[in-house]
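See structure below.
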Amino acid sequence: MTHYLRALMARLRGLFGDRRANREFDDEIETHLRLLTDRYVRQGMTEEEAARAARRQFGNITLLQETHHEMCGITLIETFTQDLRYGARTLLKTPGFTLIIVITLALGIGINTTVFTYVNAVLFRGLTFVEPERVAFVWAINPARGGRQELVSQREFEEWREQSQSFETMTGVIERARALTGVGEPERVSSAVVSANYFQTLGVRPYKGRWFLPNEDRPNVPRVAVLNYNFWLRRFGADPAALQQTILLDGERYTIVGVAPQEESQLLIKADLWEPLILDPKQADRNLRNVLVIGRLKRGITVEQANAEMASVAGRIARQYPATNAGWSARVRTAPDQYLGAEGRIAVAMLISMVLCVLLIACFNVGGMQLARALARQKEIAIRLALGAGRLRLIRQLLTENLLIALLGGAAGLLLALWVMSFLHARYAATSPFLNQAKVDGRVLAATIAIALLSAILSGLAPIWRTTKPDLCAALKEGGRSLAGAFGARIRSALVTAEISLALILLIVAGLMIRSILAMRTIEPGFDPNNLLTARITLPERDYSGEQQRRDFFARAIAQISAQPGIKFVGAIDALPLVGGGGGPTRSIVVEGQLPDPSGRQHWARVNIVTPDYFKASGIPLLLGRPFSAQDSTDGHPVALISQAMAQRYWLNEYPVGKRVKIQDAPNDAWISVIGIVGDIRDDYVDASPAPRIYLLYAQRPAHDMSLVIRTEADPLSVVPGVRNAVRMIDRNLPVYEVRSMRQYLFNDLSTTYLFVELLGAFALAALLLSAVGIYGVVAYAVSQRAREIGIRMALGAQAGDVLRMVVSQGMSLTLIGVTLGLAAALALTRVIKSLLFNVSATDPATFALIALLLVSVALIASYIPARRAAKIDPLLAIHDE
Amino acid sequence: MSKGRNAEAQKSEVLQGTLDLMVLKVLDALGPQHGYGIARRIEQVSEQVLQLNEGTVYTSLLRLQQRKWIASEWGTSENNRKAKYYSITKSGRKQLARETENWEQIAGVIGRLLRLEGQE
C-alpha cells in the first residue's frame, strides 16, 4: 500500500518539476564516485589521482544528469517557466522596442476597458432588480398630441389594472413633493406615491423593515411610509429606531415601516420616500394625468403581445369615454429599452465599434513591429532550427514571449483605464449618476484579459508562423535578409493602409459628434439662459389652502426679491422651460368657433401658469398684443398669452387677439381670452418644433408649486443668499430648493453627452497617434531595408532632396490609398449615426475634408522624420554595411 | 548524414538493450545491489572486454525502473553513505527469461550459420 502511495507522490511531485529526485540522483552519483575513488586509493593512487581516475571511469556526469532529468520527464510547467525567463530576457535586450509595443497595446486595451466599464454600467448593472426585461412601463400616447409618452389618470390606471391580462402585477406611481415636519428641520421631500405592490413588481427586498401590505393603499387605513436609504442616512443618521417613528407629511401622520436598499438602481424611481397610493374614489377627473404605470409582464408574454393588448384596452376605454379619452392609445416598453432607448442603443453600438477599431489599429501596429523584429531575428531562428530545435517547441517559446507582452500590455492598459476613469469621475460624477455604478468588475476584467491575450497573440502569430518556416537556406545566406524583408514590408504596408482607413473613419465620426454637441450648446432655446437663476417653492396645502394666501405670498416674495441689489426682473412659472422636461402639462382645449376633428383628434396645448414679469425675466419677447397687467385681477376676465406656435396652429389666417379657448381641466369652465402672443420656446434639445402653449396668469390660477425665474445683473449664484432671506422673512418654515443657474441646468442635462463626446475625442486622438506611429514605423523600416540602395543612389549622384522625396512619397502613397478607402467607407457608414446628430449632416463635406487633410498632414510629418535620416545616410557606410 | 545517423541510433539501441539485459541478470543472480556493485560485477564478468562508462548503468537502471522490471530502495553502502539498492521484480524476472530465450535462439542460429559458412 505504501508503495503505491509513494509512487503516487512521486508522480505528483514530478508534475511540478521534481528537484528532490534530481538531488537524490546526485547523491547516488556521489556515492558511486566515492566508492570508485576508494578503490583506486586502495590500488595505490593518491587521493587526487584516484578522484580523477574515478571521474574518467564514470563518464560525463553532466550529460548523465541531464539525460536522467529528461527521462524523468520535463514538466510542462518547467518548460513554461523556462520560456518565460527566456522571453523576458529577449524583451529586455531591446527595451525601447518593447516599451513601444507595450504602450501601444496598453492604449488600445485601456480604452477598451474604459468603454466596457461604462457600457457594463449602462447595460448590465443599470437595472438590478429581478428580471428587468420583464418589467415594463405602460404609457398613454396620443398621436394628435405629438405621440409622446404620457401619464394616465387615476381612473384609467384602475381600469387598465382590471382589464389587462398580460401583466402579473401592475402598479401606479405618482410623484409628489411633500413638506416633511415633525422630525427636526422642516424639509421639502420628494415622495413617490405608489401602489402597495410596487416593490413586489420590481422584486426587490427592503433593507430594513418591510414594504407596504396589500391593504395599506386603501383609504381610512393608518398611513405608512418607506424611506430611501440615503435619506434615512442623512435625516435619521441610519438609526434603526427610525422605524416605527411617526413623521408628518403635509401635516398628515405617517409611520415609517421600512428602509429601501442602498442600491438606487434597484428602485427605478428616485425619491426620498415612498408612500402608498390611495386611490381617491372621488377623483374622477380623467384629464388629470399624473400616474406612471409600471407592470411586470406575465411569463411567456412578449412585449409585442402586451402592446397589442394594452392598445385594445385603451381603445375600449376611448370608446367608453370619448369626451376625455378619444384618440388615446397605450404603449408598453420594457425597462431596459426605456432607459437605453433607440438612440442609446445606437450610441452604445457606435462606441463599441469605435473602441474595437482603435484596438485593431493598435494590434496592426504591434503586428507590424513584431514582424519587423521577427525578421531581424530570422538568422538566429534559422540557426536554431538547423541545429535541430523542434519547430513546435520554438513556436511555443515565441508564443510565450507574446504572452508576456500581452500580460504587460494588459496590466498597463488596466492602469491606464483606471486613471482615465478616475479623471472622468472627478469631472462628471455630480451630474452623471450612472458613473457611480461604473466599476471594473469581474465581467470587465475578464473581457480585458481576453482582449489582451487575443490581441497580443494575433499580432504575434503571423510573424511567428512566417519566420519559423524551414526555408533555412535563404535565411542563412547573407543577402537572404532582403527577401524576407520585402515580404515583411508588403504586409506592413497593407496593415498601415488599413490603419489609416480606420483612423479616418474614427476621426470623422468623432468630428461629426463634436460638431453636433457644439451645435446643441448654441441652440436657440427661445429664452435667454444667461444670468438666470431658478429656485423652486412649494406652498404646503396646510398653510396656504386659500387662493388669496397663495397670491399674497408670491406677490410679496417677488416684490421683496426685486428690491434686492443685483436683480433686474423676477417672475415665476409652474414648470421651467426646456430643462423641466418639456415644460408644462399637456391639456385638451376647446377653441371657440372650431370644432374638433371628426376623427376624434382633439385640440391640445401645453399650459403654463406665470406671473406677469416672467417673460421679461426669461427674455421671451412679446410679439403681438399686450402683456399681463395689474388690472387682470382675479375678478377680471380670464386672460392668457399664447405662443406663436399656438397662434399658427389654430388661427393661422386670423388675428388671434380676442379669440377664446377653454381648458378642459379648469375648475371653472370659463372661456379664456387671448390678449397677446409671445415667442416660442424649445421643448426639446433635438426636436426643433415647439408645442403650442398657453400662459395663464398666476393671479387667476394661484398654484402651490412654482419656480422663481430671476434675471440678475451679474453671476446668478451671487444673489442666492438674498433670495433665501427674502423668502424666509415672509415664511420662516418654507424651504427654497432646486436653486440653480440656468446655465448649470443646461450643462447638467447635457453632461452625459459631453462625457460621451470627450470619450470620442480621446479615441480619435488615440487612433491618430497610433496611425502616425504606424506610418513612421513602416517608413523607418523601409529606410533601414533600403539603406544600401539609398547609399548606392547617393554615391551615384542622388541629392538629399531626391532621397527625401523618394522616401516621403512611399509613406504618402500609402496614406493616400488609406484616406481614399477611409473616405469611401465613412460615407457609407456614417448614416448609421444620423439619428444622433444634431444640425450636422452625416456626410458633412467640411468635416470630411478637414479630417482628411489633418490625417494627411500628420502622415507627412511621420514620413518626414525617417526620410530626413535617410537623406543623411553616408553612402560609404551604407554600402559597406554588411 | 542521415544514413550514418540511423546506424548510430541502431548501435546505441542494441547496446542499450544488451546493457539492460546484463543489469537484470546481475540483479537476478546477486540480489539487491547498488549501481556501483552492478558496474563492478559487469566488469568482472566481461573480463575487461566491455569498457563502458559506468555512468551509463544508471541510465539503464532508470529505464528498467520505468518499465517496472526493477524496484529501488534506499539503504546504506559499505562506506556508510546513502545509496539506492535495486532489486529485480517478478515481471522483471519474466522479462529476463524471455530475453534469455531470445538471445539463445539467435545465438544458436548464428552459430549454425557461421559453422555452415566455415564448411564451405
Side-chain angles (χ1 to χ4, degrees), chain A residues 1-11 13-14 18 20-43 47 50-74 386-388 470 472-473, chain B residues 1-2 4-5 8-9 12-13 15-16 19-20 23 26 32-44 46 48 50-87 89-91:
Chain A
M1 179 63 178
T2 42
H3 176 71
Y4 285 115
L5 271 176
R6 231 182 296 145
L8 186 66
M9 283 307 294
R11 205 160 295 207
R13 276 205 304 271
D18 194 359
R20 204 173 96 174
N22 287 350
R23 261 180 288 133
E24 286 181 348
F25 188 59
D26 292 344
D27 287 341
E28 244 191 301
I29 295 176
E30 198 45 51
T31 309
H32 191 131
L33 284 172
R34 236 352 304 171
L35 285 166
L36 264 178
T37 316
D38 288 346
R39 181 159 173 255
Y40 281 127
V41 164
R42 263 176 291 149
Q43 287 178 0
E47 183 72 36
R52 245 184 291 139
R55 281 208 134 68
R56 242 180 314 183
Q57 173 117 355
F58 194 82
N60 188 336
I61 299 177
T62 318
L63 188 60
L64 188 65
Q65 280 171 330
E66 279 195 16
T67 318
H68 176 97
H69 186 65
E70 232 180 74
M71 285 176 70
C72 285
I74 298 186
L387 285 178
L472 305 175
C473 298
Chain B
M1 185 179 173
S2 60
R5 192 172 181 275
E8 281 289 330
S12 63
E13 267 171 38
L15 216 56
Q16 274 178 20
L19 189 56
D20 287 359
V23 168
V26 164
Q33 285 289 321
H34 51 49
Y36 177 77
I38 297 173
R40 289 284 71 68
R41 181 64 180 166
I42 292 179
E43 185 188 51
Q44 187 185 44
S46 76
Q48 317 300 345
L50 221 51
Q51 297 282 354
L52 42 61
N53 289 331
E54 294 195 3
T56 57
V57 167
Y58 288 97
T59 319
S60 179
L61 284 168
L62 187 59
R63 262 197 308 273
L64 292 171
Q65 255 194 310
Q66 283 179 341
R67 313 281 298 259
K68 302 252 193 306
W69 290 334
I70 61 175
S72 65
E73 222 174 30
W74 283 98
T76 332
S77 65
E78 301 88 58
N79 59 350
N80 276 325
R81 297 182 75 90
K82 200 164 96 159
K84 220 177 195 185
Y85 281 84
Y86 299 88
S87 51
T89 63
K90 200 154 83 175
S91 57

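Chain identifiers are assigned alphabetically (A, B, ...) following the order of the sequence lines, protein sequences preceding nucleic acid strands; residue numbering begins at 1 within each chain.
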Identify every side-chain donor-acceptor pair in residues 33-40 of chain B under 3.5 Å, counting partners at least two apart or on other chains, and give the distances.
| unit_1 | atom_1 | unit_2 | atom_2 | d |
| --- | --- | --- | --- | --- |
| B:H34 | ND1 | B:Y36 | N | 3.4 |
| B:H34 | ND1 | B:G37 | N | 3.0 |
| B:H34 | NE2 | B:E78 | OE2 | 2.9 |
| B:R40 | NE | B:E43 | OE1 | 3.1 |
| B:R40 | NH1 | B:E54 | OE1 | 3.4 |
| B:R40 | NH1 | B:E54 | OE2 | 3.2 |
| B:R40 | NH2 | B:E43 | OE1 | 3.1 |
| B:R40 | NH2 | B:E43 | OE2 | 3.4 |
| B:R40 | NH2 | B:E54 | OE2 | 2.4 |

Practice item. Could you check B:Y58 against A:E28 for side chain to side chain contact (heavy atoms under 4.5 Å, CB included), going step by step and ending with a plain yes or no? Key: CA-CA 9 Å; B:Y58 288 97; A:E28 244 191 301; 3.2 Å; yes
Practice item. Evaluate whether atom CD of B:E73 has more than 12 neighbouring non-hydrogen atoms of other residues, nucleotides or ligands under 6.0 angstrom away. Key: no
Check your understanding: With a cut-off of 6.0 Å (strictly less than), are more than 12 heavy atoms of other residues, nucleotides or ligands near CZ of A:R39?
Key -> yes
Check your understanding: Using non-hydrogen atoms only, which part of B:S77 is less than 4.5 Å away from chain A: side chain, backbone, both, or neither?
Key -> side chain
Check your understanding: In Å, rounded to the nearest 0.5 Å, how long is the span from NE2 of A:H68 to CG of B:L61?
Key -> 11.0 Å
Check your understanding: Excluding sequence neighbours, so at least two apart, what forms side chain to side chain donor-acceptor pair (under 3.5 Å) with B:R41?
Key -> B:Q44
Point to revise | Part of A:L35 lying under 4.5 Å from any heavy atom of chain B | key: both
Exercise for review: Check each atom of A:L36 against the heavy atoms of chain B and say whether the ones under 4.5 Å are side chain, backbone, both or neither.
Suggested key: both
Review point. For A:T31 and B:A83, which heavy atoms make the closest approach, and how far apart are they?
Key: CG2-CB, 4.1 Å
